[in-house]
Amino acid sequence: MALIATNVCDYKELAKQKLPRMVYDYYALGAEDQHTVRENKEAFSRIQFRPRVPIDVSHIDMYTSVLGYNISMPIMIAPTALHKMAHPEEELASARAAATAGTIMTLSSWSSYSIEEVNSTGPGTRFFQLSVYKDRNLVQRVIRRAEKAGYKAIVLTVDAPWLGRREADVKNRFTLPPNVVLKNFEGLDFGKIDKVNDSGFAAYYDACQSIKWLQTITSLPILMKGILTAEDARIAVELGAAGVIVSNHGGRQLDHVPATISCLEEVVREAKGRVPVFLDGGVRRGTDVFKALALGASGLRSIYRPAGAVRPCRGRRGRRQERAEDAQGRARGHHGAQRLRIAEGDHPGPCHHRKRHDPSLTAVV
């Protein structure tokens, strides 16, 4: 009997059936022992709700704004490389679906379609993900193209000075399929970029992430992606970041780092409301979204692995948010939260949260 997909985890199983093993493993797996990949998801299960019931929740308002741009729900599409390995419509369909859903898509610099081609799909608020390569002329050219195409912000990845050791890619002898091109760098000398040994990434990556330099060449707001600690959040704020994204690269970089949801409160406390804090990683249901919001996130930039799983199963139609907004709405209704309240000290919580240092301790946060 064919599997009837009712959630994004079901789509993962369907994707496993449809995709070549090399491609599926590239999307689904992470670094070394996969500990962080598993923990990203499992950490959410250790957070429990404390529902409020004598409240009128006949109308649930999930609209919010990110850097001044209104979106229909606090769920966005995070940057993912190489969509074309999953579906021929690639990032174009992802962009259309994000616009239809009324939310933001962040295009990966390692996209299968160019900045301009994705923008040609029509209206929509889009950010552009970037790493600072050693060739700063290259970085400047790419940023100019993003500005000209109307992208609204730069998402600067700061947690990937070297590519993580993804052993599945080594075993599968991962290389880019012949029909997949890094369109934003087409024609440049990126010949080594599809090799398993660091994917040629370190050869082009500037280990000194210079947000100050970026601020001299663009007026776009810059979000720093890859923050896990209060110390790094403080640095990001001091450097003038417009926001921080709590991310561990989906467990694909350094294994045995904490789940992003476990780091969220620490980063939110350090940000002190000076910049918005977003979360990416481990989110599979609307209830996960609600938990992150209750713990202080301004929004979730997390639909990347789920989108990758849905693409080969449902094509363009599958790029919708898979009704995560509906699940989050139900959670809000049961929780007595009528609207998004994301200002400091006014989160839609409370939740029960099992503290990591004492698994038997349940505290209100």
*Checking side-chain contact (heavy atoms from CB on, under 4.5 Å) for the pair His59/Asp61: CA distance, chi angles, key distance, verdict?*
CA-CA 6 Å; His59 175 69; Asp61 181 4; 4.1 Å; yes
For [Y], is there any backbone N or O sitting under 3.5 Å from a side-chain donor or acceptor partner on [X]?
X: Glu91; Y: Ser111; result: no
X: Thr36; Y: Val257; result: yes
X: Asp255; Y: His35; result: yes
X: Ser247; Y: Gly226; result: no

Note, [X] side chain near [Y] side chain (heavy atom, < 4.5 Å):
X: Val244; Y: Leu223; answer: no
X: Ile104; Y: Ile77; answer: no
X: Val246; Y: Ile261; answer: no

*Would the number of heavy atoms belonging to other residues, nucleotides or ligands and lying under 6.0 Å from CZ of Arg144 be above 12?*
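Atom CZ in Arg144 is crowded, with more than 12 foreign heavy atoms closer than 6.0 Å.
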*asked:* Tell me if the CZ atom of Arg274 is crowded by more than 12 foreign heavy atoms within 6.0 Å.
replied: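 Yes, enclosed.
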Using the rule that two of Ile, Leu, Val, Met, Phe, Trp, Tyr join whenever any of their side-chain heavy atoms come within less than 4.5 Å, decide whether [X] and [Y] are in one cluster.
X: Val23; Y: Val181; result: no
X: Phe174; Y: Trp110; result: yes
X: Ile115; Y: Phe185; result: yes

Side-chain donor-acceptor pair under 3.5 Å between [X] and [Y], yes or no?
X: Gln253; Y: Arg166; result: yes
X: Asn248; Y: Asn40; result: yes
X: Thr218; Y: Glu147; result: yes
X: His249; Y: Asp159; result: yes

*If you round to the nearest 0.5 Å, how far is CG of Asp280 from CD1 of Ile245?*
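The CG atom of Asp280 is 6.5 Å from CD1 of Ile245, to the nearest 0.5 Å.
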*For Glu266 and Thr229, run side chain to side chain donor-acceptor pair (under 3.5 Å): C-alpha distance rounded to whole Å, both residues' side-chain angles, the deciding distance at 0.1 Å, then the answer.*
CA-CA 7 Å; Glu266 173 183 342; Thr229 65; 5.0 Å; no
*When you look at Glu39 and Arg46, which way does the salt bridge (charged side-chain N to carboxylate O under 4.0 Å, His left out) test go after all the steps?*
CA-CA 11 Å; Glu39 180 66 6; Arg46 296 193 290 271; 2.2 Å; yes
*Is it true that Asp288 and Arg284 make a salt bridge, defined as a side-chain N closer than 4.0 Å to a carboxylate O?*
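No, no charged N to carboxylate O under 4.0 Å.
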*Under a 4.0 Å N-O cut-off, is there an ion pair linking Arg234 with Glu270?*
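Judged by the 4.0 Å cut-off on N to carboxylate O distance, Arg234 and Glu270 do form a salt bridge.
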_Walk me through whether Ser114 and Glu117 qualify under side chain to side chain donor-acceptor pair (under 3.5 Å)._
CA-CA 5 Å; Ser114 71; Glu117 289 168 325; 3.2 Å; yes
*Check each of Val142, Leu107, Ile222, Val155 against Leu130 using the side-chain contact (heavy atoms from CB on, under 4.5 Å) test, and report the only one that passes.*
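Of Val142, Leu107, Ile222, Val155, side-chain contact (heavy atoms from CB on, under 4.5 Å) with Leu130 is met by Val142 alone.
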*How far apart are the closest heavy atoms of Ala99 and Gly124, and which atoms are they?*
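Closest approach of Ala99 to Gly124: CB-CA, 4.2 Å.
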